[in-house]
Student: 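Mind having a look at this structure? Questions to follow.
When a residue number appears, it is its place in the shown sequence, counting from 1.
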Amino acid sequence: MKPAVFFSLQLKRLFKNKSFLLLLLLFPVFILFLSHTFRAEEDTRIRVGLCLATEDPLAETLCKKLTETEDSLFTFFEVSDEDELKKLVQSNQIECGYLFRKPLGAELNKSRIKNLITVYISENTTCKGILNELVYASLFEEYALSLLINCLYEASHLPFTDEAAVSFLLPPVTDIDIERSYRSHLSDGSTFRFEIHFLSEEGSSGSFGTTTAALSVIRGLTAVFLLICGFLGLLTIHRDRKNGLYTKLYGVHGYLFSFFSLLSYLLPSAFISLLIPFLSGCAQDLWREVSALLCYIAAMILFYLILGTLISNHTMLCAAFPMILLCTLVFTPVIADLSVFFPWIKAVRYALPAYYYLMFF
């Protein structure tokens with residue numbers, strides 16, 4: 001029998017198996033429900049109030065910057081007056097409140113950096129330190145830009161007018177050009193900075209957030225789902241061997257037909273798994289998803305062919321799978337990457353096929 005014919009017959013037999021079809025149906029339903037649960041959760045970011053009691057341009061720019069910040073553990077919003085800010089802090093509706101009463105630009109120009117911002121703190125907060133770091137880092141990021149532009153004006157480098165530009169055969173330079181260049185250098189790796197990502201907000205691509213956390217859980221469950229489907233394929237191979245299907249197949253031919261038998265279980269499962277991130281709205285990169293699944297299928301087929309060769313007893317094989325599943329959950333980042341705390345785990349996970357799927361992300 002030709003391998004292609006054998007593969008098509010295996011698929012036909014598989015799709016007549018109501019239990020397997022039910023598994024293929026229930027898994028995406030469960031994942032979509034889980035994804036909906038993630039998205040239905042309310043914003044768990046720590047709320048921080050900002051009260052602008054000055055007309056200082058630097059303070060206004062700072063408040064706008066903080067309220068528009070998305071990649072953070074905190075969500076900033078403006079409060080109308082100081083009394084409301086105090087009430088929100090006292091009632092624990094917000095962790096901290098920042099009152100901008102002094103003209104920040106003028107005070108910093110006079111080197112007056114003490115008591116620059118009034119901070120109201122809830123007695124239960126544990127975030128005072130990191131909040132202050134975040135606010136003051138944003139403040140001095142904006143203040144540094146104003147210093148740069150002022151220095152260029154004082155050194156007569158600005159305004160670089162059209163006439164001056166023509167005489168030097170250079171394009172004209174404006175404040176907007178300086179700011180664009182300044183901000184580009186803040187994010188292009190040319191300046192030393194810390195970049196901290198938190199796991200609590202709905203992040204965009206490239207940041208960690210509710211969407212990314214949901215996708216991480218989906219991928220972990222997908223790894224387990226495909227592992228189970230592959231094991232069902234291995235059980236089918238053992239049952240077929242017992243029934244004499246592989247009696248006249250030896251050596252390479254036996255492994256080739258075993259390969260197609262496993263593939264008949266894994267391909268439909270992988271197709272369902274590929275659709276799930278897109279149906280749940282969590283997908284980021286189609287080709288990466290496809291590459292990861294293909295790598296995982298190859299690793300799993302190799303793993304189960306070796307396992308089937310080492311363990312020929314059906315009962316022993318069924319007893320070994322719970323241990324394989326437990327090791328996958330513990331030693332690979334299906335749920336969490338424990339190798340951060342136990343580095344020796346890295347030496348174990350290379351033997352588990354799920355690792356080669358999750359390593360793509």
Student: Hey, any chance Leu50 and Leu99 share a hydrophobic cluster, counting ILVMFWY side chains that come within less than 4.5 Å of each other, even indirectly?
Tutor: no
Student: More than 12 foreign heavy atoms under 6.0 Å from CG of Asn115: is that the case here?
Tutor: no
Student: Which heavy atom in Pro268 sits nearest to a heavy atom in Leu263, and how many Å separate them?
Tutor: CD-O, 4.2 Å
Student: Could you walk me through whether Leu267 and Leu11 pass the side-chain contact (heavy atoms from CB on, under 4.5 Å) test, one step at a time?
Tutor: CA-CA 10 Å; Leu267 272 186; Leu11 282 176; 5.8 Å; no
Student: Do you know which two heavy atoms are closest between Leu307 and Leu234, and how far apart they sit?
Tutor: CD2-CD2, 4.0 Å
Student: Evaluate the side-chain proximity of Ile324 to Phe231: yes if any heavy-atom separation is below 4.5 Å, no if none is.
Tutor: no
Student: Mind listing the closest non-hydrogen atom pair of Asp240 and Gln10 along with its distance?
Tutor: OD2-NE2, 4.2 Å
Student: Test side-chain contact (heavy atoms from CB on, under 4.5 Å) on Thr222 and Ile31 and set out the steps.
Tutor: CA-CA 9 Å; Thr222 298; Ile31 292 297; 5.6 Å; no
Student: Looking at Phe259, is its backbone amide N or carbonyl O close enough to the side chain of Tyr304 to form a donor-acceptor pair, meaning the two atoms are under 3.5 Å apart?
Tutor: no
Student: Taking everything shown except Phe77 itself, do over 12 heavy atoms lie less than 6.0 Å from its CZ?
Tutor: yes
Student: Checking Arg219 against Tyr357: charged group under 6.0 Å from the ring centre and within 45 degrees of the axis?
Tutor: no
Student: Taking ring-ring contact (aromatic ring centres under 6.0 Å, His included) as the definition, give me every residue that meets it alongside Tyr143, ordered by chain and number, with sequence neighbours left out.
Tutor: none
Student: Centroid separation under 6.0 Å, is that true for the rings of Phe260 and Phe6?
Tutor: no
Student: Rounded to the nearest 0.5 Å, what separation is found between the CG atom of Leu23 and the SG atom of Cys229?
Tutor: 5.0 Å
Student: Could you tell me whether the side chain of Asp56 and the main chain of Ala106 form a donor-acceptor pair under 3.5 Å?
Tutor: no
Student: Taking all heavy atoms of Gly49 and all of Val79, pick out the closest pair and write down the distance.
Tutor: CA-CG2, 4.1 Å
Student: Can you name the nearest heavy-atom pair linking Thr332 to Ala354, along with the distance?
Tutor: OG1-CB, 4.2 Å
Student: Measuring from atom CD1 of Ile94 to atom CD of Glu84, what distance do you get when rounded to the nearest 0.5 angstrom?
Tutor: 9.0 Å
Student: For Leu226 and Ala270, work out which heavy atoms get closest and say how close.
Tutor: CD2-N, 3.7 Å
Student: State yes or no: do Trp287 and Ile297 share one hydrophobic cluster built from I, L, V, M, F, W and Y residues joined by side-chain heavy-atom distances below 4.5 Å, directly or via other members?
Tutor: no
Student: Are side-chain heavy atoms of His314 and Lys242 found at a separation under 4.5 Å?
Tutor: no
Student: Are Leu274 and Ile218 connected in the hydrophobic side-chain network, where two residues link if heavy atoms are under 4.5 Å apart?
Tutor: yes
Student: Is it true that Glu60 and Lys64 make a salt bridge, defined as a side-chain N closer than 4.0 Å to a carboxylate O?
Tutor: no
Student: Determine whether a donor-acceptor pair (N or O, by modelled atom type, separation under 3.5 Å) exists between the side chain of Tyr296 and the backbone of Ala223.
Tutor: yes
Student: To the nearest 0.5 Å, tell me how far Tyr265 OH sits from Thr236 OG1.
Tutor: 2.5 Å
Student: Phe331 and Tyr355: aromatic ring centres closer than 6.0 Å?
Tutor: no
Student: Mind checking the CZ-OG spacing from Arg13 to Ser264? Nearest 0.5 Å is all I need.
Tutor: 7.5 Å
Student: Is it the case that over 12 heavy atoms from other parts of the model lie below 6.0 angstrom from the NZ atom of Lys102?
Tutor: yes
Student: With side chains defined as the heavy atoms from C-beta onward, is the minimum distance between Leu145 and Thr61 less than 4.5 Å?
Tutor: no
Student: May I ask you to test the Phe76-Cys63 pair for a side-chain heavy-atom distance under 4.5 Å?
Tutor: no
Student: How long is the gap from CE on Met300 to SG on Cys295, to the nearest 0.5 Å?
Tutor: 10.0 Å
Student: How many angstroms lie between atom CG of Leu266 and atom CG of Leu227, to the nearest 0.5 angstrom?
Tutor: 9.5 Å
Student: Step by step, work out the side-chain contact (heavy atoms from CB on, under 4.5 Å) result for Leu21 and Leu25.
Tutor: CA-CA 6 Å; Leu21 291 177; Leu25 176 64; over 6 Å; no
Student: Kindly write out the residues that satisfy ring-ring contact (aromatic ring centres under 6.0 Å, His included) with Phe100, not counting sequence neighbours, or none if the list is empty.
Tutor: none
Student: Do Cys318 and Leu235 have side chains that get closer than 4.5 Å, going by heavy atoms?
Tutor: yes
Student: I would like to know whether Leu131 and Val119 meet side-chain contact (heavy atoms from CB on, under 4.5 Å); could you show each step before the answer?
Tutor: CA-CA 10 Å; Leu131 261 173; Val119 186; over 6 Å; no
Student: Does Phe257 offer a backbone N or O that forms a donor-acceptor pair with the side chain of Ser261 under 3.5 Å?
Tutor: no
